[in-house]
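Bear in mind the structure is a predicted one, so any value in this text is a computation, not a measurement. Reminder, nothing fancy here: chain letters follow the sequence lines and each chain counts from 1.
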2 protein chains.
Amino acid sequence: MRRDIFQAIADPSRRAILALIAMQAMTPNALAEHFDTTRQAVSKHLRILTECELVSTQQQGREIYYHLQIDKMKEIDRWLQQFRAIWETRFSQLDELLSTTKKIEP
Amino acid sequence: MRRDIFQAIADPSRRAILALIAMQAMTPNALAEHFDTTRQAVSKHLRILTECELVSTQQQGREIYYHLQIDKMKEIDRWLQQFRAIWETRFSQLDELLSTTKKIEP
DNA sequence: TACATTTGCAACCAATTAGTTGCATATTTT
DNA sequence: AAAATATGCAACTAATTGGTTGCAAATGTA
């Protein structure tokens with residue numbers, strides 16, 4: 001049951017949960033109202049998201065607010081970096097090609 | 001069997017494959033040599049990656065080269081955008097706080 | 001033509017997953 | 001104190017997953 005962020009965001013329900021609490025911290029009940037599943041299913045997703053530290057909890061009376069841990073999202077961004085490096089290089093190559101073409105054409 | 005990119009990158013082997021062919025297009029056999037599994041297992045991963053268009057194939061004789069479709073990776077980047085917007089806002093808020101503090105302090 | 005190489009696909013298997021229902025605990029309200 | 005509310009956890013289930021072995025098709029080589 002070793003879970004990482006990539007497996008966490010693989011599920012569409014969990015991505016939806018992340019998008020919701022990104023706007024505002026929410027309780028499991030409030031979250032469940034946005035979905036077509038039971039509260040327990042949402043609770044299970046929250047457990048997974050908590051396990052890999054994408055969300056944190058804040059108890060307030062009998063309610064528990066789930067907050068997005070935005071810093072953890074940056075890990076995905078960091079992984080993307082290696083590919084972003086490629087598409088930016090390809091873009092600048094295209095850029096160079098275009099400017100070279102321009103020079104030749106007239 | 002409807003698969004999307006997020007499910008595709010959830011598997012560590014598939015992320016490793018993507019990282020490898022990002023450097024250079026490769027055949028299934030060549031890829032399998034980098035891993036501790038069978039060629040067929042790699043082949044299955046490639047099938048999944050092909051299905052969601054993260055890689056493309058290019059037949060060359062009896063060999064098949066698998067290429068990274070870098071444009072598809074941008075979809076992940078696009079999804080991250082909504083969260084990046086948040087962490088950039090929080091950063092500039094911190095920035096503002098710091099400059100305000102500086103004004104008050106002396 | 002015969003043989004080796006490269007590959008994809010199907011069948012099977014063990015482990016994991018996302019979901020359900022039911023229950024126990026803690027807090028608030030009456 | 002009793003009832004209602006908010007939640008987490010455990011047990012169960014159906015579907016999916018990542019992996020295996022075995023085979024067939026296509027291409028290249030002797």
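Between A:Thr38 and C:dT20 there is a side-chain polar atom (N or O) within less than 4.0 angstrom of OP1 or OP2. Checking the phosphate oxygens (OP1, OP2) of D:dA6, no side-chain nitrogen or oxygen of A:Thr27 falls inside 4.0 Å. In this structure, A:Asn29 does not reach the D:dT5 phosphate: none of its side-chain N or O atoms is under 4.0 Å from OP1 or OP2. For the pair B:Gln7 and D:dT17, the criterion of a side-chain N or O lying under 4.0 Å from OP1 or OP2 is met.
Nearer to the 5' terminus of DNA chain C, by closest-nucleotide assignment, is the contact made by A:Ala41 (compared with the other of A:Ala41 and A:Gly61). DNA chain C is contacted by both A:Asp11 and B:Ser43; B:Ser43 maps to the nucleotide lying nearer its 5′ end (nearest heavy atom per residue). In this structure, A:Tyr65 and B:His45 both approach DNA chain D, and ranking their closest nucleotides by distance from the 5' end singles out A:Tyr65.
Checked by distance alone, A:Arg39 brings a side-chain donor or acceptor within 3.5 Å of a matching partner on the base of D:dG8. Contact of A:Arg62 with C:dT27 (side chain to base): a donor-acceptor pair of N or O atoms is detected under 3.5 Å. The base of D:dG18 has none of its N or O atoms less than 3.5 Å from a complementary donor or acceptor on the side chain of B:Gln40. A donor and an acceptor atom never sit less than 3.5 Å apart when one is taken from the side chain of A:Lys44 and the other from the base of D:dG8.
A donor-acceptor pair under 3.5 Å links the side-chain atoms of B:Arg15 to the main chain of B:Ile9, judged by distance alone. Side-chain N or O atoms of A:Glu53 include none that pairs as donor or acceptor with a backbone N or O of A:Thr50 at under 3.5 Å.
Each of D:dG18, C:dA18, D:dT7 was ranked by its minimum atom distance to the side chain of B:Ile48; first place goes to D:dG18.
Between B:Leu49 and B:Tyr66, every side-chain heavy-atom pair lies at or beyond the 4.5 Å cut-off.
B:His34 pairs in a side chain to side chain contact (heavy atoms under 4.5 Å, CB included) with only one of the listed residues (B:Ile17, B:Leu20, B:Val42), which is B:Leu20.
Residue A:Tyr66 is in sugar-phosphate contact alone, with no base atom involved, counting any heavy-atom pair closer than 4.0 Å across all strands shown.
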